[in-house]
Amino acid sequence: MTTPERPDQAADRTSRPRLTVIGTGYLGATHAVCMAELGFEVLAVDVDQSKIERLSAGEIPFFEPDLADLLRANLATGRLRFTTSFEEIAAFGDVHFVCVGTPQQAGGNGADLSHLNAAVGRLAPLLTRPCLVVGKSTVPAGTAADIAQTLARLAPANHTNGAAAGTNGAAAGSSGAAAALGGVQLAWNPEFLREGFAVADTLRPDRLVFGVASPAAEGALRAAFAPVIAQGVPVIVTDYATAELVKTAANSFLATKISFINAMAEVCEAVDADVLTLAEALSHDVRIGGNFLRPGVGFGGGCLPKDIRAFQARADELGVGVALRFLGEIDEINNRRRDRVVELLAAALDGTLAHRRLLVLGAAFKPNSDDVRDSPALAVADLLARTGAQVTVVDPVATHNARRALPTVAYSDRVEDSVVTGADAVVLLTEWRQFAELDPARLGPLMRRRVVIDARHALDGDRWRRAGWVYLAPGRPTGVIPTGVPAQWPVPTSAASTPPAQVAAATRVPAHAPQVG
Ligand code: UDX
């Protein structure tokens, strides 16, 4: 299939490696598109034929701002192509980026490495000339060393005295940096991209981490990231295990910061203090900083929750479980925030949620994403539905995924009058901009009761109160609790719930609370 190279193309390739991307999920599709945007020839592979067809047609199978435009632009240049053939990528690539998912194991906390092992197992026997395999997936420390051994065992180029000939002229020529590898080598290059900012995070990351076992591998990676490095992005060169740990440590730190401020919210609730003001005051200390210090309903998504669990599981296996025991507490604080929203709402609705009509704003784990994996919003919607409430969930882009994950509630893509009419309460769980812009004065008359729980602190509480709403937000002074709050507080919705005495203390009306309404 490959056509012979012209001399000018061959010259370009001595400095510019040809890249492949294995796995076209969130990470892989973004990486492939962005590397093509940076000027590389990129061929991406996936075992899912329909995904490849959609990508080849210029369609991104998930929601990510800016990515579809870049995909189409780079397909048009011919630099970016998609295939289901591993033979084709093995012949094409100087640097192969492995971007398959490592989800949480079914029935366990560890990472499921089956996709990673399958991808490497399929690629390795096809690698007949010098090249670099680069792991980008998030993995337990020690995984890269195992994969390096697999490559050493299975890749023919490691058994044929260096640069073996490929199947034709084009495939035979490795780029200069790849040829210097002498065979097939492995590098680990963790990815730090955030959903919703994936394009910007890939084109200009905060840092590049290269876990390598030789200067030649470092050289090949530097060639593959030359346009990024030229922007001044710092490069940290290290061993495999440190590179693997950077990713899990970073996500653990971020999760810890979020749970720290959410733990402060619990304490604030006990004394009617304001966690938002507390967070703001902390953020001015440059040693602390304000990022990832937003309290609310906690973290979710495909990374933070599963990564802290897999990290603990790996630490246990390594005999250092005690060092990461605190991550279990981080997880528990995070889950308690979900229960807390249910408790606040029940308190505001006379202690009972059964048969209430509830409007949940948000299904995605965060705005600008259609990802509902471990979404706090969907988890709360589920808890509410289990109390016997009638729940309608609104999300601008995630209802398609949410319907499959939680079929027991109703959905709408917009805050239509019909979904608001007759509702007993609104619960904001994902801070989409369009929710923050809702007009409480317009919505109010449609509601049966004007109760709003702002679990992400995205609304202007004073504005909602002025429009006659009971406005409650976790970790903030409660203002006026609606009349009819029972002496006995609602039964916690899960074993992890706050004890009733603490709930009562946390939601009592302080003498100094501002009057609202
Ligand atoms: C995360 C990491 O940020 C990224 O570096 C890594 O590569 C993958 O995991 P992502 O899952 O896209 O990225 O989401 P992120 O923006 O980190 O948010 C995670 C969760 O934390 C969301 O549910 C978000 O709502 C929540 N969050 C974030 C808070 O509750 N408070 C905050 O202050 C920040």
Side-chain angles (χ1 to χ4, degrees), residues 25-28 30-31 62-65 67 99 101-104 111 136-139 189-202 204-209 243-244 246-265 275-276 278-280 282-283 288-311 330-331 333-338 340-341 361-380 395 398 428-432 435 454-458 473-475:
Y26 200 87
L27 166 60
T30 307
H31 190 65
F62 49 85
F63 178 85
E64 180 62 37
L67 194 56
C99 297
T102 51
Q104 187 169 333
K136 288 191 85 65
S137 312
T138 303
V139 291
N189 165 231
E191 180 58 59
F192 304 100
L193 65 81
R194 299 160 297 166
E195 296 189 19
F197 301 91
V199 170
D201 285 352
T202 308
R204 203 196 186 293
D206 296 333
R207 75 292 210 191
L208 289 166
V209 176
E244 292 166 322
V246 171
K247 176 62 190 275
T248 37
N251 276 355
S252 298
F253 189 82
L254 295 173
T256 301
K257 231 180 149 184
I258 297 169
S259 275
F260 173 84
I261 199 63
N262 281 330
M264 293 306 107
V275 73
L276 280 195
L278 174 72
E280 194 206 335
L282 290 177
S283 74
I288 298 174
N291 288 330
F292 276 70
L293 210 58
R294 249 189 7 260
V297 72
F299 56 82
C303 293
L304 261 48
K306 69 133 174 117
D307 286 353
I308 62 170
R309 293 172 199 147
F311 199 16
I330 298 307
D331 213 2
I333 294 167
N334 196 51
N335 288 329
R336 280 206 295 276
R337 296 325 283 165
R338 301 172 180 193
R340 178 65 184 143
V341 174
L361 301 182
F365 82 106
K366 68 174 189 180
N368 296 316
S369 169
D370 65 353
D371 195 342
V372 297
R373 286 175 294 170
D374 216 329
S375 165
L378 222 49
V380 171
D395 194 289
L428 185 145
L429 293 163
T430 310
E431 66 276 34
W432 284 99
F435 296 154
D454 181 9
R456 291 286 191 182
H457 306 116

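Every number for a ligand or one of its atoms is a count from 1 in the order of the listing. Values below: every heavy atom of this structure, side chains too, minus hydrogens, waters and symmetry copies.
- At a heavy-atom cutoff of 4.0 Å, ligand 1 is surrounded by Glu191, Phe192, Leu193, Arg194, Glu195, Lys247, Asn251, Leu254, Ile258, Phe292, Leu293, Arg294, Gly298, Phe299, Gly300, Cys303, Leu304, Phe365, Lys366, Arg456.
- Contact of the Met264 side chain with the Phe260 side chain is registered, since non-hydrogen atoms from C-beta on lie closer than 4.5 Å.
- Panel note: side chain Ser259, backbone Ile330; a donor-acceptor pair is recorded below 3.5 Å.
- Listed for the His457 side chain is a donor-acceptor partner under 3.5 Å among the backbone atoms of Pro295.
- Every residue two or more places apart in sequence or in another chain that forms a side chain to side chain contact (heavy atoms under 4.5 Å, CB included) with Asp331 is listed here: Ile308, Arg309, Asn335.
- Every residue was checked against the side-chain hydrogen bond (donor to acceptor under 3.5 Å, both in side chains) condition with Ser137, not counting sequence neighbours, and none meets it.
- Annotation: side chain to side chain contact (heavy atoms under 4.5 Å, CB included) contacts of Ile288 (sequence neighbours excluded): Leu282, Asp285, Leu293.
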